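A short write-up of the structure that comes next.
Small disclaimer: the values here were computed from a predicted structure and weren't measured.
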Amino acid sequence: MATNYSHPYFPIDLSLPHYIPNSHGTGYILTVVFGSFGVILLTAAMFVLRNKSVNQRDRLIYMWCMLSGVIHVGLEGYYVLNYASLAGDQSILAQVWKEYSKGDSRYLSSDSFMLSMERITTYIDGPLAFYSAYAFYTKSPGRHIGLLSLSICQLYGVILYFATTFFLGSPHSDPHPLYYWFYFVTMNCIWVFIPTYMLTHSWAALYQNASLCDRRNSKKSN
């Protein structure tokens, strides 16, 4: 069993008495993560391509929502259910979290903000993502409402995620480029750029539809 400070995380005095090193190396874990993402996207693409009524842009939105849903419910849901024992857990999902935590150790220290944020992500963002995917696949009238709601939640969450540590000088991150710039910055910036695009896309669609509805109502009243 590891002593309080015998771990690879920052700050170096972080107490993780139950920490057990991963049995798999970084290369294996990253292969599992990105390989899984690829399988999810490929499966979603194969499924949505069967629906010829869905245009190319909506197919990509469907794929993004499915990937988001699996990450929110599966990976982040695992964290929510096992956060207290994560540092000593040797399941593959726990090892993914322990590897990622080199970029942000708050995931291993039962940080109250991380737990609150991930609970919202798991129980609200996850279902919203799956609903949005279904709505775009079926061309439901509520598809842009779902995507707009999902994107706002994702964007708000990641802004708070960055802000709560950036202003402190990112003390929870290993300064190594792989851990800080790739794990912590790059991987999370995906949740800035894509939700921002999705938000503006759905906002524009809802605005356009509302304007069209207003013009039709105006013509009827005349």
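Here Tyr134 pairs with nothing under the ring-ring contact (aromatic ring centres under 6.0 Å, His included) rule; sequence neighbours left out. Residues passing the ring-ring contact (aromatic ring centres under 6.0 Å, His included) test with Tyr9 are His7, Tyr19, sequence neighbours excluded. For His172, the ring-ring contact (aromatic ring centres under 6.0 Å, His included) test picks out no residue, with sequence neighbours left out. Shown here are the side-chain contact (heavy atoms from CB on, under 4.5 Å) partners of Ser112, two or more places apart in sequence or in another chain: there are none. Not counting sequence neighbours, the partners of Ser53 by the side-chain hydrogen bond (donor to acceptor under 3.5 Å, both in side chains) test are Asn51. For Tyr180, the ring-ring contact (aromatic ring centres under 6.0 Å, His included) test picks out Phe184, with sequence neighbours left out. For Ser23, the side-chain hydrogen bond (donor to acceptor under 3.5 Å, both in side chains) partners are Gln95, not counting sequence neighbours.
The list of salt bridge (Lys or Arg N to Asp or Glu O under 4.0 Å) pairs with a residue in residues 84-109, not counting sequence neighbours, reads Glu99-Lys102, Asp104-Arg106. Among residue pairs with one or both ends in residues 83-117, those qualifying as ring pair (Phe, Tyr, Trp, His ring centres under 6.0 Å) are Tyr79-Trp97, Tyr79-Tyr107, Trp97-Tyr107, Tyr100-Tyr107; sequence neighbours excluded. Pairs of residues two or more places apart, or lying in two chains, never qualify as side chain to side chain donor-acceptor pair (under 3.5 Å) while including a residue from residues 190-199. Among pairs with a residue in residues 122-150, none fulfils salt bridge (Lys or Arg N to Asp or Glu O under 4.0 Å), at least two apart in sequence or across chains.
Both Met114 and Leu93 sit in one connected hydrophobic cluster of ILVMFWY residues. Membership requires side-chain heavy atoms under 4.5 Å apart, directly or through other members.
Asn217 CG to Leu212 CG: the interatomic distance, rounded to the nearest 0.5 Å, is 9.5 Å. Rounded to the nearest 0.5 angstrom, Leu160 CG and Leu155 CG are separated by 10.0 Å. Considering OG of Ser101 and CG of Leu108, their distance stands at 3.5 Å, rounded to 0.5 Å. Interatomic distance, Ile159 CD1 to Asn188 CG, rounded to the nearest 0.5 Å: 12.5 Å.
Aromatic pair Tyr179/Phe10: ring centres not closer than 6.0 Å.
A 4.5 Å side-chain heavy-atom check between Ser110 and Leu115 finds every atom pair outside the cut-off.
In this structure, the side chain of Ser173 engages the main chain of Gly103 through a donor-acceptor pair within 3.5 Å.
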Listing, residues 60-74 side-chain donor-acceptor contacts under 3.5 Å, not counting sequence neighbours, or none:
| unit_1 | atom_1 | unit_2 | atom_2 | d |
| --- | --- | --- | --- | --- |
| Ser68 | OG | Trp64 | O | 3.0 |
| His72 | ND1 | Glu76 | OE1 | 2.6 |
| His72 | NE2 | Gln154 | NE2 | 3.0 |

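Summarising the local packing, CD of Gln208 is surrounded by 12 or fewer heavy atoms from other residues, nucleotides or ligands at distances under 6.0 Å.
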